[in-house]
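Report on the following structure.
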Amino acid sequence: MKPFFYKEPILRWFEQNEARMETISDRIWEFAEIKFEEAQSSSLLADTLETSGFSVERGIAGMPTAFLAQWSNGAGPIIALLGEYDALPGLGNALSPSYEPNGKNGHGCGHNLLGVGSMAAALSLKETMIQTGVCGTIRYYGCPAEEGGSAKVFMVRDGYFKDIDAIVR
Ligand SMILES: [Zn+2]
């Protein structure tokens, strides 16, 4: 198996979907929803994955804005990708280096990019697996409250990470 063989379909997917992913990231940036209140952000990501053929379980581990999206094309490793999308209170969205916090909610460390980046990885991997015939399962864990909410701990408690072979964040 030559890893570089799989670079082509992934790069092609990114060329074709770059603008769409950017738009989704910008919308999550504008939603700027803080921990456990990421209703619009999590829906946008879950809907996008669902439209792309993933089966989606919403509100997992007792958290309305947590979800699990999964796609499989047969027996093989289960690869998990983690995505976050919560903003921080009080920062506002900085648009220049001289920006001063404005007291609103905002994306301080770019969870709009983290959530969409992991989703883009999941979607491009799915297309690559279809095109190359590599089999396995891809999971995207929609993780709320990365900023001090410990959402992933509740997912672990409820057994959502029990059967996976690898996690990439
Ligand atoms: Zn952060």
Side-chain angles (χ1 to χ4, degrees), residues 1-25 27-28 31 33 35-36 38-86 109-147 149-169:
M1 191 188 295
K2 295 176 185 169
F4 64 82
F5 176 72
Y6 301 115
K7 233 170 82 178
E8 285 308 314
I10 289 177
L11 291 177
R12 204 176 316 125
W13 186 92
F14 272 88
E15 271 167 29
Q16 290 164 355
N17 292 277
E18 190 182 345
R20 190 163 68 97
M21 293 300 113
E22 232 175 81
T23 303
I24 295 169
S25 172
R27 287 189 65 194
I28 293 173
F31 292 151
E33 297 167 305
K35 62 180 171 191
F36 296 122
E38 318 93 331
Q40 298 176 96
S41 307
S42 64
S43 289
L44 180 55
L45 292 166
D47 291 348
T48 304
L49 285 153
E50 203 166 49
T51 311
S52 306
F54 281 68
S55 59
V56 178
E57 190 186 344
R58 296 168 199 251
I60 64 168
M63 297 172 286
T65 55
F67 66 93
L68 173 59
Q70 178 172 306
W71 178 86
S72 183
N73 64 345
I78 301 174
I79 310 295
L81 297 146
L82 305 181
E84 290 127 9
Y85 30 78
D86 59 321
C109 46
H111 291 189
N112 57 310
L113 297 167
L114 292 183
V116 174
S118 295
M119 183 178 71
L123 296 174
S124 62
L125 198 54
K126 178 201 154 197
E127 283 310 310
T128 302
M129 287 164 72
I130 290 171
Q131 287 174 36
T132 58
V134 171
C135 287
T137 299
I138 313 162
R139 284 195 194 150
Y140 177 100
Y141 288 79
C143 304
E146 194 274 336
E147 302 288 358
S150 307
K152 294 177 197 77
V153 177
F154 299 114
M155 295 182 186
V156 170
R157 179 199 63 188
D158 288 2
Y160 281 96
F161 292 109
K162 252 196 299 201
D163 58 346
I164 54 180
D165 293 294
I167 301 183
V168 183
R169 181 190 176 221

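Note that the numbering runs from 1 along the sequence shown for the chain. None of these values were measured; they are calculated from a predicted model.
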Nearest heavy-atom neighbours spanning M155 and G142: CE-O, 3.3 Å
Of all heavy-atom pairs linking C135 and P77, the shortest is O-CD, 3.8 Å
Over all atoms of both residues, closest heavy-atom pair of T51 and D47: OG1-O, 2.6 Å
Okay, side chain of N73, backbone of I130: is any donor-acceptor separation there less than 3.5 Å? no
Pair E38-H111, side-chain donor/acceptor within less than 3.5 Å: no
Taking all non-hydrogen atoms of both residues, which atom of K152 and which atom of F161 are closest, and how far apart? O-CE1, 3.8 Å
Name all pairs fulfilling the side chain to side chain donor-acceptor pair (under 3.5 Å) condition that reach into residues 114-131, sequence neighbours left out, sorted by first residue then second. R12-Q131
Quick one: are Q70 and L49 in side-chain contact, heavy atoms under 4.5 Å? no
Heavy-atom side-chain contact between Y160 and F154 under 4.5 Å: no
Classify the ring geometry between W71 and F54 as parallel (under 30°), tilted (30 to 60°) or perpendicular (over 60°). tilted
Between L82 and V168, is a side chain to side chain contact (heavy atoms under 4.5 Å, CB included) present by the stated rule, with each step listed? CA-CA 7 Å; L82 305 181; V168 183; over 6 Å; no
Find out whether N112 and R27 are in side-chain contact, i.e. whether some heavy atom of one side chain is under 4.5 Å from a heavy atom of the other. no
Side chain to side chain, L81 and I138, heavy atoms closer than 4.5 Å: yes
Taking the six-membered ring where the residue is Trp, are the ring centres of F31 and Y85 under 6.0 Å apart? no
If you count the non-hydrogen atoms of other residues, nucleotides and ligands that lie under 6.0 Å from CZ in R157, is the total more than 12? yes
Decide yes or no for I28 and L45: does some side-chain heavy atom of the first lie under 4.5 Å from some side-chain heavy atom of the second? yes
Verdict with reasoning, M21 to M119, per side chain to side chain contact (heavy atoms under 4.5 Å, CB included): CA-CA 9 Å; M21 293 300 113; M119 183 178 71; 3.8 Å; yes
Any side-chain heavy-atom pair of S25 and R20 under 4.5 Å: no
For the atom pair CD1 (I10) and CG (L123), what is the distance rounded to the nearest 0.5 Å? 12.0 Å
Are a donor atom and an acceptor atom from the side chains of T137 and S72 found within less than 3.5 Å of each other? yes
Would you check, one step at a time, whether the test side chain to side chain contact (heavy atoms under 4.5 Å, CB included) holds for R58 with E50? CA-CA 11 Å; R58 296 168 199 251; E50 203 166 49; 2.9 Å; yes
Got a second to check how far T132's OG1 is from M129's CE, nearest 0.5 Å? 7.5 Å
Do I79 and R139 make a side-chain contact, defined as non-hydrogen atoms from C-beta onward lying under 4.5 Å apart? no
For F67 together with Y140, are the ring centres under 6.0 Å from each other? yes
Between CZ of R169 and SG of C143, what distance do you get to the nearest 0.5 Å? 8.5 Å
Closest heavy-atom pair, T65 versus S42, reported as atoms and distance to 0.1 Å, is O-CB, 3.5 Å
Using modelled atom types only, decide if a donor and an acceptor are shared between the side chain of D165 and the backbone of I78 within a distance under 3.5 Å. yes
Considering only heavy atoms from C-beta outward, does the side chain of K35 approach that of E146 to under 4.5 Å? no
Smallest separation among heavy atoms of E33 and Q40, with atom names: OE2-N, 3.0 Å
What's the separation between atom CG in L68 and atom OH in Y141, rounded to the nearest 0.5 Å? 5.5 Å
Spacing of CD belonging to E15 relative to CG belonging to N17, to within rounding of 0.5 Å: 10.5 Å
